[in-house]
Amino acid sequence: MLELKHVSIKNKKRKILDEFQLSIPDGVIMGFLGSDDEAKSILLASIAGSRAPDSGEILLNQVPIYGRKNKAYMSLGYMPKKYGFSDLLRVEEYFDLFLSLYKINGRYRQRRVDEVTELLSLQEYRTAFIGEMPADRLPFLCLGKCILHDPSWILLDEPFTRLNSAARSQMEQVLLLLQEQGKTILINSQLFPELIDCFSDVTIIEDGKAVVSGTVEEVYDMAIKKSPIRMRVLAGMESALSVLKNNTLVDRVTVDGQDVIFRFNGGEREEAELLTELVSSGALIHNYMKDRINPEQIFRR
């Protein structure tokens with residue numbers, strides 16, 4: 001379990017994370033969504049141990065990541081947006097460098113390189129210079145670096161950005177396989193809902209806060225309930241608007257020609273009662289349906 005408790009991080013102009021709170025269970029693939037890309041990137045960096053919070057705590061299995069003599073970094077693998085490769089290193093040399101940093105030696109060291117290069121289809125590039133590799137292999141190389149020490153938590157900041165559709169599908173399959181192996185994966189990505197089949201859970205982040213978090217199904221269910229209703233009124237517009245105005249569960253009413261758009265905050269029974277009242281008012285209603293839009297847009301409003 002990873003817990004973020006009242007985490008705040010600020011730059012000179014504003015708070016990037018503002019009293020941020022979130023609990024993430026083991027074994028999920030969590031997608032960080034929303035328009036606040038800076039907050040999502042800083043969040044991953046902070047969890048990875050490279051950007052300490054100005055206030056608040058980050059706990060991994062109830063132990064503070066930034067505690068003294070903490071070796072939480074051994075449980076974390078972090079793939080930043082900027083890879084920081086040296087083009088003059090060969091792939092094997094690059095992996096050896098990070099294995100040395102994690103003090104991994106002996107037979108396991110070679111076996112781990114074999115396992116990672118096979119998992120990521122990098123066998124043919126083992127002796128190649130990084131600068132000679134195809135661009136669509138570089139995200140896999142960076143992912144390889146962050147899983148070399150076999151961490152239980154994998155943190156990925158925009159891992160799909162530089163990939164074509166075929167490589168993106170391959171990356172998804174690799175991540176799903178890592179999840180099957182018991183890894184927990186946190187991903188900042190702009191590709192939603194394209195990655196809906198990859199994520200098991202999502203957290204939507206706006207203005208430095210987690211505005212909603214849960215399984216994909218739970219968040220979609222909440223989004224559908226919050227989706228605006230579009231109703232076409234062929235006659236009796238004033239009567240319809242009067243009913244909506246007097247209903248305490250209705251808000252954000254706008255008129256677009258013959259269409260009335262509003263948000264309804266009640267359950268199915270209350271919504272049925274509202275529709276009955278609208279018809280009884282004399283309004284001639286032709287269509288009544290919910291606009292289904294991206295959950296990121298729903299929770300941004």
Side-chain angles (χ1 to χ4, degrees), residues 29-32 37-38 40-51 65 72-104 109-192 194-195 198-199:
I29 298 182
M30 170 76 76
F32 289 147
D37 198 49
E38 184 180 15
K40 293 183 290 180
S41 291
I42 288 292
L43 175 61
L44 287 176
S46 185
I47 295 169
S50 63
R51 177 59 169 93
I65 283 178
Y73 68 91
M74 291 298 295
S75 299
L76 302 166
Y78 174 47
M79 179 178 171
K81 283 183 182 178
K82 295 182 179 180
Y83 301 153
F85 294 139
S86 173
D87 290 349
L88 299 179
L89 281 178
R90 299 181 188 272
V91 169
E92 283 190 331
E93 294 171 336
Y94 178 70
F95 282 168
D96 278 340
L97 171 64
F98 283 93
L99 286 165
S100 297
L101 292 173
Y102 285 105
K103 299 179 181 179
I104 297 172
R109 184 168 178 157
Q110 186 59 49
R111 190 180 81 198
R112 190 61 187 149
V113 173
D114 292 342
E115 290 171 349
V116 170
T117 53
E118 182 178 357
L119 174 68
L120 303 177
S121 302
L122 294 174
Q123 300 99 318
E124 65 180 291
Y125 302 107
R126 286 182 64 148
T127 59
F129 288 104
I130 293 175
E132 298 172 342
M133 292 181 65
D136 68 352
R137 293 296 93 193
L138 295 179
F140 291 92
L141 179 61
C142 192
L143 175 61
K145 177 267 295 184
C146 87
I147 65 173
L148 272 175
H149 58 297
D150 199 22
S152 52
W153 288 73
I154 301 171
L155 319 174
L156 309 177
D157 197 353
E158 296 284 6
F160 299 95
T161 301
R162 309 178 197 190
L163 300 177
N164 59 32
S165 59
R168 188 169 74 201
S169 177
Q170 182 187 359
M171 178 70 79
E172 287 185 56
Q173 294 306 311
V174 168
L175 297 180
L176 289 169
L177 182 58
L178 288 169
Q179 183 194 29
E180 288 179 9
Q181 294 173 0
K183 312 299 184 188
T184 306
I185 304 170
L186 311 182
I187 304 173
N188 170 25
S189 179
Q190 300 296 323
L191 295 175
F192 188 81
E194 292 90 337
L195 296 176
C198 184
F199 298 150

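Only this structure's heavy atoms are used, side chains among them; waters, hydrogens and symmetry mates stay out.
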Query - Inter-residue atom distance L99.CG - L148.CG, 0.5 Å rounding - result: 4.5 Å

Query - Pairwise distance CZ(F199) to CD(Q179) - rounded to 0.5 angstrom - result: 11.5 Å

**Report entry** Atom pair OG1 (T184) and CG (L178), whose distance is rounded to the nearest 0.5 Å
**Finding:** 11.0 Å

Report task. Flag the pair L138 / I130 as yes when at least one side-chain heavy-atom distance between them is below 4.5 Å, and no otherwise. Result -> yes

Query raised in the report: What is the distance from atom CG of L120 to atom CE of M171, rounded to the nearest 0.5 Å?
Result: 7.5 Å

Query raised in the report: Do side-chain atoms of S169 reach the backbone of S165 as a donor and acceptor pair under 3.5 angstrom?
Result: no

Report summary line: Scanning both residues in full, the closest heavy-atom pair of L163 with P139 reads CD2-CG, 3.6 Å

Report task. Would you please test I187 and L175 for side chain to side chain contact (heavy atoms under 4.5 Å, CB included) and show each step? Result -> CA-CA 10 Å; I187 304 173; L175 297 180; 3.7 Å; yes

Query - Under 3.5 Å: donor-acceptor pair, side chain of R112, backbone of H149 - result: no

Report task. Identify the two heavy atoms, one from E158 and one from S189, that lie closest to each other, and give their separation to 0.1 Å. Result -> OE1-CA, 3.7 Å

Query - C142 side, atom SG; I147 side, atom CD1 - distance, nearest 0.5 Å - result: 11.0 Å

Query raised in the report: Looking at CE of M74 and CG of D150, how far apart are the two atoms once the value is rounded to the nearest 0.5 Å?
Result: 9.5 Å

Query raised in the report: Looking at F98 versus Y94, is the centre-to-centre ring distance below 6.0 Å?
Result: yes

Report summary line: S152 meets the side chain to side chain donor-acceptor pair (under 3.5 Å) criterion, sequence neighbours left out, with none

Report summary line: Across all chains, not counting sequence neighbours, the side chain to side chain contact (heavy atoms under 4.5 Å, CB included) partners of L177 are L119, E180, Q181

Requested in this report: Indicate yes or no for a side-chain donor-acceptor contact from S46 to the backbone of I42 under 3.5 Å, with no hydrogens or angles considered.
Outcome: no

Query raised in the report: Taking K183 for the side chain and I29 for the main chain, is one N or O donor matched with an acceptor at less than 3.5 Å?
Result: no

Report all side-chain donor-acceptor pairs from residues 79-91 shorter than 3.5 Å, counting only partners two or more places apart or in another chain.
unit_1, atom_1, unit_2, atom_2, d
K81, NZ, D37, OD2, 2.6
K81, NZ, S41, OG, 3.4
R90, NH1, T127, O, 2.6

Query raised in the report: Please walk me through it: do I47 and W153 pass side chain to side chain contact (heavy atoms under 4.5 Å, CB included)?
Result: CA-CA 10 Å; I47 295 169; W153 288 73; over 6 Å; no

Report summary line: All heavy atoms of L141 vs all of M133, minimum pair found to be CD2-SD, 3.9 Å

Query raised in the report: Taking NZ, NE, NH1 and NH2 as the nitrogens, is one of them in K40 or D157 under 4.0 Å from a carboxylate oxygen of the other?
Result: no

Query raised in the report: With a 4.5 Å limit on heavy-atom distance, are the side chains of P134 and Y125 in contact?
Result: yes

Query - Nearest atoms (heavy-atom pairs only) where A167 meets F140 - result: O-CZ, 3.5 Å

Report task. Evaluate the side-chain proximity of V174 to S121: yes if any heavy-atom separation is below 4.5 Å, no if none is. Result -> no

Query raised in the report: Okay, side chain of R109, backbone of I104: is any donor-acceptor separation there less than 3.5 Å?
Result: yes

Requested in this report: Apply the test side chain to side chain contact (heavy atoms under 4.5 Å, CB included) to residues L186 and L43: give CA-CA distance (whole Å), side-chain angles for both, the deciding distance (0.1 Å), then the verdict.
Outcome: CA-CA 10 Å; L186 311 182; L43 175 61; over 6 Å; no

Requested in this report: Kindly check if the number of other-residue, nucleotide or ligand heavy atoms within 6.0 Å of CD (E118) is above 12?
Outcome: no

Query raised in the report: So do the side chains of R126 and F95 get within less than 4.5 Å of each other, counting heavy atoms only?
Result: no

